[in-house]
Structure formats: structure tokens, C-alpha cells
Amino acid sequence: MTVTLADVAARARVSPATVSRVLNGNYPVAASTRERVLRAVDDLDYVLNGPASSLAAATSDLVGILVNDIADPFFGIMAGAAQTQIGGPGDGSGRAGGEKLAVICNTGGSPERELTYLTLLQRQRAAAVVLTGGAVENEAHQAAISAKLARLADAGTRIVFCGRPPLSDGNALVAALAFDNRGGGRRLTEHLVALGHRRIGYVAGPPERTTTRHRLEGHREALRGAGIEAGPGDPGAGDEERLTVHGPYDRRSGYEATLEILRRAPDVTAIAAANDTVALGACAAVRDRGLRIPQDISVAGFDDLPFSVDAVPALTTVRLPLFEAGARAGRIAMGKENPPPGGIATIAAELMIRGSTAPPRAV
């Protein structure tokens, strides 16, 4: 025989409404009462009817976390941290009482798939949606995303951006935790310039991504601040473009782009990479050209992913607090923490100086 909510209420000697409050976690309940209800749930092996519950309530127990690539540590760390706040840790008993089910939605970087997942989460009446990483800079896509998020928010879904800048239309329904990619890119190149580098190659990410543009803007701001920007009549005019190669955020891109930069400008003394994975590819390309790091060419990355400190030499990079940001996004998604003032928080980036960068070799 199917166990009902009323059966649990009778067993726990409480009202059905109290059982519902404990299981949904949407109303304060005394600890002793909560324990009695959860014990009755265990004893009777009661399973909450999720779809029916979501029809009765504004939202379900589902939280969607959208990532470009879960195999990329940048996204994996943020998603894992968010999940610690969404799905647990609970009390160790295996009981479900107020936690949500976090579902990772891997978009593969596809704008169309991102919209598809948001539609599916809307149909499931998701309690919250966390979107991680940079956005695609396309007006039509941004308008579609903004409209979709507005519909989700109207239905009671909390929307949180983690590592993504706020929408250009100023959608106040979204809480945005944005990384200071521009400032981090500037500080990294300022470090290379301070060491004495004047010929710096840049391996950039995909040109349509906000993260790519912001990090590259920071890099070029530092060059201009040091007077390295070539003037219109200078024989070196166009170097910013000539020494920049775009590609995916992966090792192969770093390898191939670095070889291209070295072909275009053999006198380059430093390579700044869009992220740490790209930087590993750049290091491999430098070594395959018979050059040493950092004696012949300095190499720097971005993000401070866990493997960066174990590279040989350890990688100079820019640290983003990925775990902390992901956990905060999870708390906001669950209503455990208020959104930042004005709905937007800029998270600082920290320069991590290690062995892969050094002054250029004297000629």
C-alpha cells in the first residue's frame, strides 16, 4: 500500500502541513519536531511525490547548474562548491529535509544548448538556476537569455550568475557574482612588464566570450600604461593584433597558438595565456622549440587551477576564488544568503607569482 503524507503525519503526531514544511524546508520547524517527522519518513519509507509537490508549490526540489564543460576544473570547482550548499551536507543520515537536487547541465559552450537547458529547467519548475562562466557576446542570444530568465524568475526561480558579468539590459532579477577578469589580466601583464618584458605574446580564448574580451582588455591596458602600444607611424604598429592568437580554452589551442606567435615574432620573451590549461600547452610549445622556461621565455596563466602549482616550473597565474564563489552562489540559490547589494558583486583576482616568469635574458 502507498504511504501518504497523512500517514507520516499520523506517525509523527503532527499535522500534514508540518510534514510538508519539514520536507520542503520552506518554513522554520522546531528541531525536535523535524527529527520526529524525519524518523517517521524513514520508518514508513515515505517518498515525496516530486512532480505533484512542484505543482502544488511554486517550485520543485530541482536546482540547475549550467557549465560549459564539467571536465574543465574551472567549471568543475564552481559547480562542486555550489552543490555543497544545495544538496547537503545534511546530518549524515541520508534523509532529505530541505535539501535540493542539483543537476549539472553541460552546455559544451553552445548558446543553443544553454537556452534548451533553461527551457527544460523552466518546465521542471526549478527552485534555482546557477549559470557559471563567461557569456556569449551576441545581442540576439543575450536578449533570448534575458527573456528566458525573466520567465523563470516570474515563476519563483532564483537566478544566480557565478563568474559571469550581469546582463547588459540590467536585469534586476539576477544576482551576479562577477570575476574581475579585466583587473586580473592587467595585473598579470604589469608583472611581466615590471620584469622587463616588452615583447609579450598573448594566447586568447574564443573571441565571442566576455571572459576573453575582459582579460584581453586588461592585458592591453597594461601594455598601453607602459607605453608599449605601437603608434600609427611606428614600424611595430599592429603588434597587439599580431602577437595575439585566439582559440578554445584548451591545451591544444595553447600549443598551436604559441607556435604561431613564435613564428610571427621570434623575439617574443613572454607568453600570457588565457587560462592555466592554455598555459600548459604554451609551455609544451616553448619546450618543443628548444627553449627554456623562464630563462628564454616566461609563461603565465590565469585562474590558478589546482595543477598550476605542480607544473615545472610552477606557473605564475592569476587566482580566482572559484570554490568560494561557487559556494556563495549555492547559498544565494538556496536562499541561505542574500544577494549582493544592487544584485552585483565583483570578486577580486589575485596575482600569484611563481617560477615560470623571470626577467628576459640579456641579448
Side-chain angles (χ1 to χ4, degrees), residues 25 61-90 98-109 113-114 117-118 121 126-136 145 149 152-153 157-167 173-181 183-184 205 209-212 214-215 249 274-277 301-309 317-341 343-350 352:
D61 283 338
L62 189 70
V63 175
I65 304 175
L66 275 65
V67 301
N68 280 4
D69 181 6
I70 193 61
D72 183 337
F74 177 86
F75 294 100
I77 291 170
M78 285 191 290
Q83 195 166 6
T84 64
Q85 303 299 315
I86 294 166
E99 298 86 356
K100 304 292 185 186
L101 175 64
V103 176
I104 307 300
C105 305
N106 202 77
T107 69
R113 199 175 300 171
E114 184 174 63
Y117 276 128
L118 289 176
L121 290 166
V129 175
V130 179
L131 295 92
T132 64
V136 174
I145 286 288
L149 294 180
L152 279 159
T157 300
R158 291 191 181 94
I159 312 293
V160 187
F161 285 0
C162 183
R164 176 179 294 211
L167 291 166
L173 301 172
V174 176
L177 307 178
F179 294 132
D180 185 15
N181 284 306
R209 292 278 166 181
T210 54
T211 301
T212 299
H214 293 160
R215 293 181 184 185
Y249 284 115
N275 71 8
D276 293 341
T277 304
F302 207 112
D303 293 337
D304 195 27
L305 298 178
F307 59 75
S308 63
V309 73
T317 186
V318 174
R319 182 181 185 273
L320 297 179
L322 300 175
F323 188 91
E324 294 86 343
R328 185 179 180 188
R331 289 194 297 272
I332 294 172
M334 289 290 285
K336 298 176 181 176
E337 179 177 325
N338 291 328
I344 303 169
T346 300
I347 299 175
E350 179 184 2
M352 310 296 290

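One-based numbering along the sequence shown.
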Checklist line | salt bridge (charged side-chain N to carboxylate O under 4.0 Å, His left out): pairs with one or both residues in residues 72-81, sequence neighbours excluded | finding: none
Margin query: For the backbone of I104 and the side chain of Y117, can you confirm whether one donor and one acceptor N or O come within less than 3.5 Å of each other?
Written below: no
Check: Within the side chain of T210, is there an N or O that forms a donor-acceptor pair under 3.5 Å with the backbone of A135?
Finding: yes
Next item on the list: Rounded to the nearest 0.5 Å, what's the gap from CZ on R158 to CE on M334? Could you check?
Entry: 8.5 Å
Checklist line | Over all atoms of both residues, closest heavy-atom pair of L121 and C105 | finding: CD1-SG, 4.3 Å
Notebook entry, point to check: Which value, rounded to the nearest 0.5 Å, describes the distance between L149 atom CG and F161 atom CZ?
Noted result: 5.0 Å
Check: Looking only at heavy atoms, what is the nearest atom pair of Y249 and A274, with distance?
Finding: CE2-CB, 3.5 Å
Next item on the list: Verify side-chain contact (heavy atoms from CB on, under 4.5 Å) between F74 and D69, making sure each step is shown before the conclusion.
Entry: CA-CA 9 Å; F74 177 86; D69 181 6; over 6 Å; no
Next item on the list: Enter the distance from L101:CG to Q83:CD here, rounded to the nearest 0.5 Å.
Entry: 8.0 Å
Notebook entry, point to check: Hey, are the side chains of L320 and I347 touching, using non-hydrogen atoms and a 4.5 Å cut-off?
Noted result: no
Note to self: Quick check: closest heavy atoms across H214 and P165, and the distance to 0.1 Å?
What the structure shows: CE1-CG, 4.2 Å
Notebook entry, point to check: Between L66, I65, N68, which is the residue that forms a side-chain contact (heavy atoms from CB on, under 4.5 Å) with T132?
Noted result: I65
Next item on the list: Kindly give the heavy-atom pair with the smallest separation between A127 and V63, and that separation in Å.
Entry: CB-CG2, 4.4 Å
Check: Between F323 and I77, which heavy-atom pair has the shortest distance, and what is it?
Finding: N-CG2, 3.6 Å
Note to self: Would V136 and R209 count as a side-chain contact (heavy atoms from CB on, under 4.5 Å) here? Give the steps.
What the structure shows: CA-CA 5 Å; V136 174; R209 292 278 166 181; 3.5 Å; yes
Checklist line | Distance in Å, I70 CD1 paired with N106 CG, rounded so as to fall on 0.5 Å steps | finding: 6.5 Å
Notebook entry, point to check: Sub-3.5 Å donor-acceptor pair from the side chain of T157 to the main-chain atoms of A128, do we have one?
Noted result: no
Check: Backbone N or O of T277 within a donor-acceptor pair of the N275 side chain at under 3.5 Å?
Finding: yes
Next item on the list: Test E114 against L131 for side-chain contact (heavy atoms from CB on, under 4.5 Å), laying out the working first.
Entry: CA-CA 9 Å; E114 184 174 63; L131 295 92; 4.1 Å; yes
Checklist line | Minimal non-hydrogen separation, A175 against P340, with atom names | finding: CB-CD, 4.4 Å
Item checked: Trace of the side-chain contact (heavy atoms from CB on, under 4.5 Å) decision for E350 with D304 -> CA-CA 9 Å; E350 179 184 2; D304 195 27; over 6 Å; no
Margin query: Please determine whether a side-chain nitrogen of the Lys or Arg among E324 and R319 lies less than 4.0 Å from a carboxylate oxygen of the Asp or Glu.
Written below: yes
Check: From T317 OG1 over to M352 CE, what is the distance, rounded to the nearest 0.5 angstrom?
Finding: 8.5 Å
